[in-house]
There are 2 protein chains.
Amino acid sequence: MTKTERTERIRDYLRINTSATIQELAQMLDVSHMTIRRDITSLSEKGVLRIIHGGVIFNDDGHTDGYRMSLARTNMLDEKQQIARKAVSLIEPNDSIIIDAGSTGELIATFLPQDIPISVICYALNIASIVAQRPNCTLVVTGGYYHESSMVLESPEGLELLKQNRANKAFITASGVSTSLGITCSNFFERAIKHAALKSCRTSILVADSSKFDIIKPGHFADIEDFDVIITDTGISEECSAAIRAMEHKRLFTVG
Amino acid sequence: MTKTERTERIRDYLRINTSATIQELAQMLDVSHMTIRRDITSLSEKGVLRIIHGGVIFNDDGHTDGYRMSLARTNMLDEKQQIARKAVSLIEPNDSIIIDAGSTGELIATFLPQDIPISVICYALNIASIVAQRPNCTLVVTGGYYHESSMVLESPEGLELLKQNRANKAFITASGVSTSLGITCSNFFERAIKHAALKSCRTSILVADSSKFDIIKPGHFADIEDFDVIITDTGISEECSAAIRAMEHKRLFTVG
DNA sequence: GACTGTATGTTAAAAACATCACAACTATCA
DNA sequence: TGATAGTTGTGATGTTTTTAACATACAGTC
């Protein structure tokens, strides 16, 4: 059995079991633990798995998400976590909520309250996977073509499904927030989805860490006026904060 | 910091990282190894995580899938794996394939060839998650309401999207296979989806281990005649095997 | 104040695992 | 055939983790 074969089988095994001991693998492939060791060190160099004392853990992240997403995940993580925790604190029993794509959306999904029944509508595969694991949760995923970089599922039919669902709260993320030029995102197709999400909800909540402020991206999908609640961190400039506070019927939360 | 706080933070950490070493956790929470050890043993007793040498792994399964699915996963696993491996061996470069829901479908998704470009259409969330991790793979997920027991996404819009996609191969699973009463499934909504999948493909491939044979479930969605290829294991009865072989234009693979 | 139970930290020995160097094996090519 | 490079197994040695026993701290109770 060649090294390539072995690494393939190790991957297969990990895809099913997510982790393995060196013993297990050595026994399965009928080779010595040293061989396994050498195989897994090369696999770990490629980022496929992570070696810990006594075994290995499969590393979804290595291949799962586009490069961008994994970058977004670690950037401003602290602030994003705090924003997400604030966001989920607004959720009430029997709420129907829309969770937008993006790393902040993923954190909201992660921190969703366990104990109260809610309905969730989403269109990003990573978020769907997280929400599906929750008890007390009705889940609708609008389908479509899978975009690797944002993990969004996009199609006319999905958009239609989104338009026909109603939510009382929508947590919308953005790539750029500008008091003058409005809320923007990077991709064309996200515009339509975010726009539809905004139209389908009663209370619209913008979740964006301070690094997104004073940034302008090509896809304009809303203005600050269109949001009822804005959650960000204390890193935003005085001007932004003042400009938002000057608007009527708007709640601004700055965490951190 | 109380024990409850700590276990909550361990859970949060694992939700994001899926695994952790004892060192990591001890450092993060600034307590001794022994405290973490005691925390994780109580968490593992609750089934939240799994302790391995040197660390812990988050146990999605505890909360993720309906009872049924996890049962289906372990039942006839060997045969299912062999069937899945046979199934993926039929895939050629640039194929467009439909993968049906179910544990065998999940295994097919797992074993999908890495090195050739293919397109995949699916409607089960677990399968979507697996396929999304592949390189060289265009993915379409038909969306809809999430059914926990089968992990299928179902909606009229999703069905529409499925009908509008074309595949040259569809790998269809079944809960019951009878030479006289045809191919059946358990749920009403699955019928429509499986039927649509069959209509949208050139070559239809039935993947069903021998435990499904001579079983009849309420939802009839096709007859054996409707399939071009049947992949099962050597456990099926002589009569079944003979009856299928007697049909024209049909290929039967029995693995194991 | 002494008692009790729970939660946490410390320590040391035992067990499990990792690493290293070297020998044995395999395949390839001249 | 023999040289070479690459791969794999073995056993001695070093390291980390586990376990268990004991020490400490703190809150509630008699």
Side-chain angles (χ1 to χ4, degrees), chain A residues 1-63 78 81 85 111 113-115, chain B residues 1-63 81 85 111 113-115 135:
Chain A
M1 180 175 299
T2 81
K3 180 162 186 165
T4 332
E5 270 182 87
R6 278 201 314 274
T7 52
E8 245 331 291
R9 291 205 52 192
I10 292 174
R11 286 172 109 128
D12 282 354
Y13 188 89
L14 288 176
R15 267 178 218 120
I16 298 174
N17 297 282
T18 69
S19 71
T21 66
I22 300 212
Q23 273 195 5
E24 263 168 42
L25 295 174
Q27 205 169 346
M28 174 177 88
L29 300 174
D30 198 32
V31 291
S32 75
H33 66 106
M34 275 311 298
T35 307
I36 296 294
R37 239 168 251 294
R38 288 186 262 249
D39 290 347
I40 61 174
T41 39
S42 65
L43 279 171
S44 91
E45 275 159 15
K46 284 186 207 152
V48 175
L49 47 77
R50 174 176 160 209
I51 299 178
I52 59 169
H53 204 99
V56 295
I57 293 171
F58 195 45
N59 218 348
D60 293 31
D61 281 35
H63 295 262
D78 255 20
Q81 284 198 26
R85 287 205 183 275
F111 297 147
Q114 296 261 23
D115 38 0
Chain B
M1 178 175 300
T2 81
K3 180 162 187 166
T4 332
E5 269 181 89
R6 276 201 315 275
T7 52
E8 247 329 291
R9 291 203 51 192
I10 292 173
R11 285 173 110 127
D12 282 355
Y13 187 90
L14 287 177
R15 265 179 219 122
I16 298 174
N17 297 282
T18 68
S19 69
T21 66
I22 299 205
Q23 272 195 6
E24 265 169 41
L25 294 175
Q27 205 169 346
M28 174 178 88
L29 300 174
D30 198 31
V31 290
S32 75
H33 292 192
M34 278 313 298
T35 306
I36 295 295
R37 236 168 254 291
R38 288 186 263 249
D39 288 349
I40 62 174
T41 39
S42 65
L43 279 171
S44 91
E45 275 159 15
K46 283 185 206 153
V48 175
L49 47 77
R50 176 179 152 208
I51 299 178
I52 57 174
H53 204 100
V56 294
I57 294 173
F58 194 45
N59 217 347
D60 294 28
D61 280 36
H63 298 263
Q81 283 196 24
R85 287 202 183 274
F111 297 146
Q114 296 260 22
D115 38 2

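Each chain gets a letter, A, B and so on, in the order the sequences are listed, and its residues count up from 1. Here the structure is a predicted model, which means the values were calculated and not measured.
Between the CG atom of A:L29 and the P atom of D:dT8 there is a distance of 11 Å, rounded to whole Å.
In summary, contact between chain A and DNA chain C, defined as any nucleotide atom under 4.0 Å from a heavy atom of the protein, begins and ends at C:dC17 to C:dC20 in the 5' to 3' direction.
Smallest separation of non-hydrogen atoms from A:L43 and A:R11: CD2-NH1, 4.2 Å. The two atoms that bring B:G55 and A:I52 nearest to each other are N-CD1, 4.5 Å, heavy atoms only.
B:R6 is linked by a salt bridge (Lys or Arg N to Asp or Glu O under 4.0 Å) to B:D39, counting only residues two or more places apart in sequence or in another chain. Every residue meeting the side chain to side chain contact (heavy atoms under 4.5 Å, CB included) condition with A:E24, not counting sequence neighbours, appears here in chain and number order: A:Y13, A:A20, A:T21. With sequence neighbours left out, B:T7 forms a side chain to side chain donor-acceptor pair (under 3.5 Å) with no residue at all.
Here the side chains of B:L29 and B:T35 are not in contact, with every heavy-atom distance at 4.5 Å or above.
Summarising the geometry, atom CG belonging to A:L49 is positioned 8.5 Å from atom OG belonging to A:S42; distances are rounded to the nearest 0.5 Å. In this structure, CD1 on A:I51 lies 4.0 Å from CD1 on A:I40, to the nearest 0.5 angstrom.
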Do B:R9 and B:E5 pass the side chain to side chain contact (heavy atoms under 4.5 Å, CB included) test, and can you show the C-alpha distance, the side-chain angles, and the key distance before you say yes or no?
CA-CA 6 Å; B:R9 291 203 51 192; B:E5 269 181 89; 5.6 Å; no

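End-to-end axis angle of the helix from C:dG1-D:dC30 to C:dA30-D:dT1, from C1' rotation axes over five pairs per end: 10° (rounded to 10 degrees).
Around CD of A:E8, the count of heavy atoms belonging to other residues, nucleotides or ligands within 6.0 Å exceeds 12.
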Under 4.0 Å protein heavy-atom contact, by nucleotide of nucleotides 10-24 of chain D - B base, S sugar-phosphate only
B-----SSBBB----

